[in-house]
Amino acid sequence: MSVEHLKLETMAFKSNVIAILEIIPIGRVMTYGTLAVAAGKPGNARQVGELLRGLSITTDHPWQRVINASGRISTYKIGTGELQRALLEAEGVRFNASGRCDLQRLRWFPND
DNA sequence: AAAATGACTTTTT
DNA sequence: CAAAAAGCCATTT
């Protein structure tokens, strides 16, 4: 495989992630890991996070619908996770006392 | 080119 | 159940 091809592959991965991100229904969530799987690169959860960081929060993308595998907010490491939580609560996502949401019920996958 | 990094995840304490 | 360790992999130093 050529280096060029690999580069195109990661570019495709990134646009896939964005495309999927855009169609996550309001009030539903995806984890970094499953989003990576849906975009065609299992094991690349961290790279999904990297990409989302690049979107720099103020965009129109529904970045708030991506959370970690334990059902919690992960953005506190780069800023305040309060914003993400508020945005999610505004669309109906509830969080329990330990900061977790019901992943079993709210997890979404294309073709759910 | 080797080592560190990190919006992660899974397994093991 | 919470915390630590180990695994992971593209990107950045």
Side-chain angles (χ1 to χ4, degrees):
Chain A
M1 267 185 175
S2 71
V3 184
E4 291 81 5
H5 179 71
L6 292 176
K7 195 165 293 187
L8 290 175
E9 194 172 288
T10 67
M11 287 171 64
F13 171 67
K14 290 198 273 193
S15 57
N16 283 345
V17 170
I18 300 301
I20 296 169
L21 178 65
E22 298 286 350
I23 62 175
I24 301 177
I26 294 175
R28 302 294 299 280
V29 298
M30 280 192 84
T31 68
Y32 299 92
T34 55
L35 182 43
V37 169
K41 267 180 175 284
N44 284 44
R46 306 188 83 139
Q47 287 65 284
V48 170
E50 287 288 318
L51 178 53
L52 265 46
R53 186 187 63 225
L55 297 178
S56 76
I57 302 297
T58 55
T59 64
D60 47 352
H61 302 286
W63 54 272
Q64 71 275 20
R65 311 209 183 122
V66 185
I67 61 180
N68 66 35
S70 57
R72 308 174 127 155
I73 305 292
S74 281
T75 51
Y76 66 92
K77 288 181 178 176
I78 64 165
T80 167
E82 287 299 308
L83 174 58
Q84 181 169 15
R85 174 161 175 167
L87 288 171
L88 285 174
E89 289 182 323
E91 48 187 72
V93 177
R94 314 283 297 282
F95 290 86
N96 67 19
S98 53
R100 276 187 300 179
C101 71
D102 190 342
L103 211 43
Q104 276 261 63
R105 193 165 55 91
L106 303 177
R107 175 191 287 289
W108 181 82
F109 197 85
N111 298 332
D112 68 340

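All figures in this text were calculated on a predicted structure; none of them were measured in a lab. In the text below, chain A, chain B and the rest are named by the order of the sequence lines, each starting its count at 1.
The partner of dA1(B) cannot be assigned: no Watson-Crick or G-U wobble pair with both contacts below 3.5 Å exists in any strand.
Of the possible polar contacts, none joining the R107(A) side chain to the M30(A) backbone as a donor-acceptor pair under 3.5 Å is found.
Note on S98(A): nothing from the nucleic acid sits closer than 4.0 angstrom, heavy atoms only.
Counting to the nearest Å, the C1' atom of dC9(C) and the CD atom of Q47(A) are 5 Å from each other. In this structure, the CG atom of N96(A) is 10 Å from the P atom of dC1(C), given to the nearest Å. Between R53(A) atom CZ and dC9(C) atom C1' the separation is 14 Å, expressed in whole Å. In this structure, Y76(A) atom OH and dC8(B) atom C1' are separated by 11 Å, rounded to whole Å. Look at CD on E9(A): it is 13 Å from P on dC9(C), rounded to the nearest Å. At whole-Å resolution of the value, CD in E50(A) and P in dC9(C) are 15 Å apart. One interatomic measurement links the two molecules: OH of Y32(A) to P of dG7(C), which rounds to 24 Å at whole-angstrom precision. If you measure from atom CG of L35(A) to atom C1' of dC9(C), you get 16 Å, rounded to the nearest angstrom.
The CD atom of E89(A) lies 11.0 Å from the CD atom of Q84(A); values are rounded to the nearest 0.5 Å.
Two residues, R72(A) and N44(A), neighbour DNA chain C, and the one matched to the more 5' nucleotide by heavy-atom proximity is R72(A).
Comparing dC8(C), dA10(C), dT11(C) by their closest approach to the side chain of K14(A) singles out dT11(C). Closest to the side chain of R100(A), from the set dA7(B), dC1(C), dT9(B), is dC1(C). Considering only side-chain atoms of K41(A), the nucleotide from dT10(B), dC8(B), dA10(C) that sits closest is dA10(C).
The 12-atom threshold is not exceeded at CD1 of I26(A), counting heavy atoms of other residues, nucleotides or ligands nearer than 6.0 Å. Atom CD of E82(A) has 12 or fewer heavy atoms from other residues, nucleotides or ligands within 6.0 Å. The environment of CD in Q104(A) is sparse: at most 12 heavy-atom neighbours from other residues, nucleotides or ligands sit within 6.0 Å.
Residue S74(A) places at least one side-chain N or O under 4.0 Å from the OP1 or OP2 atom of dC8(B).
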